[in-house]
Amino acid sequence: MRLSQSFIPTMRQDPGEAEVISHRLMLRAGMIRKVATGIYSYLPLGLRVIRKIETIVREEMNRVGAQELLLPILSPAELWKETDRWDFYGKELVRLQDRHDRDFCLGPTHEEVITDLFRREVRSYRQLPLTLYQIQTKFRDEIRPRFGLMRSREFIMKDAYSFDRDEAGAQQNYQRMYDAYCRIFSRTGLQFRPVEADTGLIGGISSHEFMVLANTGEELIVFDPDSPYAANVERAEVVPPPAQEPSELKPLEKVSTPNAKSVEDLCALLNIEASRVVKTLFYQTAEDTITGVLIRGDHQANEIKIQRFLGLHDLTLASPELVAKITTAPVGFVGPVGLSHVRILADNAIAALTDFIVGGNEPDVHLLNVNATRDFAVHDWGDFRQAQAGDPSPRTGNPLQTARGIEVGHIFLLGTKYSEKMGATFLDAGGDSHPVIMGCYGIGIGRIAAAAIEQNHDEKGICWPMPIAPYQAQILPVTSSEAVRLASEQLYDELCQHNIEVLLDDRNERGGVKFNDADMIGTPYHIIIGDKGLARNTLEIKDRKTGEKVLLPPDQVTAWIKNAVTQELVRSKRKEKE
RNA sequence: CGGGGCGUAGCGCAGCCCGGUAGCGCGCCUGCUUUGGGAGCAGGAUGUCGGAGGUUCAAAUCCUCUCGCCCCGACCA
């Protein structure tokens with residue numbers, strides 16, 4: 001491609017709208033342009049990257065026997081009503097009506113559509129197992145789209161669905177996908193980590209997320225540095241602390257704590273550690289009913305765990321009004337003592353605490369030397385808090401560490417959740433009908449591109465890993481003589497003939513402009529052609545990432561580049577075999 | 001959904017408080033010179049000041065409404 005004829009609108013200045021590096025660089029390198037909040041056009045350069053990622057994903061999907069199809073973007077409300085997701089999905093589901101006022105939505109995911117296809121077409125166990133996938137644009141009306149392609153409302157996703165006749169087969173399929181995902185992310189040149197994840201409302205038996213490690217990641221994970229254990233904090237189990245030896249308990253005591261509404265206030269006022277405080281969170285669990293959850297002051301409640309324990313799907317904190325009505329105390333001063341009419345759950349950490357501090361159920365009062373059982377009843381003990389750095393690993397007991405990650409893939413073993421609701425069944429060898437066992441497997445294509453930039457850039461711009469680079473080499477004629485022009489043209493032809501994806505910067509620009517654009521775009525190899533070099537019969541090849549330079553006679557450049565590109569592509573493929 | 005901020009030339013911004021000819025830098029066009037890390041000189045084009053309504057002799061500027069965008073938060077007591 002000749003830059004003079006290409007549509008690669010690079011920007012000299014940082015656009016005001018972009019926060020994170022990947023978003024800024026995608027805009028500046030002319031890869032994407034915004035159309036509306038969370039909605040982007042992919043310009044030629046961006047599309048090339050997307051296509052390369054898609055190709056890798058396709059190769060690995062096909063390799064594990066998944067077959068590609070394409071489901072529609074628009075799907076009828078009826079299917080979504082069958083699984084109740086028409087209501088559950090909430091505002092994130094983009095709904096619209098056709099001219100006959102029939103309800104439709106833009107697919108945020110395709111379990112319903114694929115399950116419908118399955119139940120119409122598949123009858124017999126002989127047709128199983130079956131894995132289908134597509135690469136399709138999805139729509140989710142995110143609360144707050146941000147960071148460019150990282151969290152957008154319209155995005156490209158690879159979604160695969162597996163159908164098995166039994167649990168063992170489904171597990172096998174799940175494992176095959178897990179392995180395929182590892183290969184995909186290795187091949188795209190990303191540093192990633194599979195982590196145990198919550199199955200969320202999608203439900204099911206097991207789930208893993210694939211996290212690209214990056215400080216700008218929106219997800220928090222905990223990992224055990226000495227074992228493969230890693231989990232999303234939403235999911236990570238917290239090991240209960242060892243039981244305490246019974247000891248002499250101090251008598252309950254009231255203390256005046258004016259305006260100390262938060263744990264922080266209270267600690268400052270009483271000069272104590274947050275770990276001595278127990279906060280009482282109230283969730284509305286039915287109309288006019290609240291459930292209290294006791295969490296140590298320095299811990300964070302994990303609503304997903306509480307939700308799962310209570311068997312609810314939308315847990316919300318009770319309003320201050322409701323809390324005040326039921327407990328007769330203002331929020332900030334509510335505690336479990338004397339609240340026998342409210343169901344109280346307590347996090348396991350509380351069991352190891354004695355003589356702690358809770359709200360006193362009157363304004364500006366807290367209680368000291370409170371002890372569970374002696375002073376109040378706990379209805380249920382459990383793991384209700386979020387894991388944090390330093391907690392013991394559930395596998396080895398070593399202290400866990402935390403890291404930020406970008407979720408680029410998520411796999412679920414669904415079980416029969418959708419097949420049962422939608423009547424997707426098959427007949428076994430004995431003629432009995434069973435709901436098919438499903439799995440679903442997603443990869444954010446655009447998000448991989450963004451994550452790759454987060455991991456591979458410097459102050460000058462992007463440093464693409466070879467397998468997903470939009471172009472493999474870029475020729476920079478940095479002086480304007482006829483000799484340089486001819487040498488550039490000749491090299492360009494040669495590289496094209498050898499199937500190297502090459503950009504020729506034939507614009508009438510000064511060297512500096514070309515250097516800066518090439519660095520920003522991030523082509524892995526830059527070939528610099530100038531009069532100085534030609535006089536010595538050399539061209540300069542620069543490795544974008546390392547900055548290393550090689551001087552070569554013009555007639556050796558093509559072979560060198562061809563070899564280097566091939567090596568890098570082979571290396572990325574080999575990595576996944578290890 | 002709540003709070004804050006911003007919409008002025010393709011991009012980045014000033015002007016708005018205190019109403020009176022719409023500006024700056026970059027980019028763009030023409031010409032000449034230049035050409036190994038975002039060139040110099042000369043000349044030039046470009047705006048429904050996000051939109052609607054209002055106040056006023058006069059509105060980018062004041063008032064009301066509206067749309068779009070950005071950031072933070074969305075209940076951890």
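When reading the values below, keep in mind they use all heavy atoms of this one structure, side chains included, and skip hydrogens, waters and symmetry mates. Residue numbers start from 1 in every chain, and the chains themselves are labelled A, B, ... in the order their sequence lines are given, proteins ahead of strands.
Heavy atoms of A/Ser481 sit nowhere under 4.0 angstrom from any nucleic acid atom. Using a 4.0 Å heavy-atom criterion, one finds that A/Gln13 contacts the bases of the nucleic acid, with or without backbone contacts as well. Among the atoms of the strands shown, none is found under 4.0 Å from any heavy atom of A/Leu476. Nucleic acid contact for A/Lys34: sugar-phosphate only, since backbone atoms but no base atoms lie under 4.0 Å from a heavy atom of the residue. Residue contacts for A/Gly530: at a heavy-atom cut-off of 4.0 Å it reaches a base atom on one of the strands shown. Residue-level contact check: A/Val263 touches the backbone only, with heavy atoms under 4.0 Å from sugar-phosphate atoms and none from bases. Within the 4.0 angstrom heavy-atom criterion, base atoms lie near A/Ser480. Within the 4.0 angstrom heavy-atom criterion, no nucleotide atom of any strand lies near A/Ala274. Among the protein residues, A/Lys91 comes within range of no part of the nucleic acid, since none of its heavy atoms lies under 4.0 Å from any strand.
Near-neighbour residues of RNA chain B inside residues 143-150 of chain A, defined by a heavy atom below 4.0 Å, number-ordered: A/Ile143, A/Arg144. Residues from residues 538-550 of chain A placing a heavy atom under 4.0 Å of any atom in RNA chain B, listed by number, are A/Glu540, A/Lys542. Near-neighbour residues of RNA chain B inside residues 349-362 of chain A, defined by a heavy atom below 4.0 Å, are absent.
Residue pairs satisfying the salt bridge (Lys or Arg N to Asp or Glu O under 4.0 Å) criterion with at least one member in residues 327-341 of chain A, sequence neighbours excluded, are absent. Counting only residues at least two apart or on different chains, the side chain to side chain donor-acceptor pair (under 3.5 Å) pairs with a member in residues 341-353 of chain A are A/Arg343-A/Asp380.
The footprint of chain A on RNA chain B, defined by a heavy-atom cutoff below 4.0 Å, extends from B/C11 to B/A77.
Applying the side chain to side chain donor-acceptor pair (under 3.5 Å) test to A/Asp84 and every residue at least two apart in sequence or in another chain returns nothing. Every residue meeting the side chain to side chain contact (heavy atoms under 4.5 Å, CB included) condition with A/Glu196, not counting sequence neighbours, appears here in chain and number order: A/His208, A/Tyr229, A/Ala231, A/Arg235, A/Glu237, A/Arg395. The side chain to side chain contact (heavy atoms under 4.5 Å, CB included) check on A/Lys532 picks up A/Arg536, with sequence neighbours excluded. With sequence neighbours left out, the salt bridge (Lys or Arg N to Asp or Glu O under 4.0 Å) criterion links A/Arg447 to no other residue. A/Arg140 pairs by the salt bridge (Lys or Arg N to Asp or Glu O under 4.0 Å) definition with nothing, not counting sequence neighbours.
Using a 3.5 Å distance cut-off with no hydrogens or angles, the side chains of A/Thr354 and A/Asn371 do not pair a donor with an acceptor.
Using atom C1' as the reference point in both B/G20 and B/G15, the two lie 14 Å apart (nearest Å). Comparing the C1' positions of B/C75 and B/G12 gives an interatomic distance of 38 Å, to the nearest angstrom.
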Distance-only donor-acceptor hits, side chain of residues 269-282 of chain A, under 3.5 Å, sequence neighbours excluded:
{"from": "A/Arg276", "atom 1": "NH2", "to": "A/Asp355", "atom 2": "O", "distance (Å)": "2.4"}
{"from": "A/Lys279", "atom 1": "NZ", "to": "A/His299", "atom 2": "O", "distance (Å)": "2.9"}

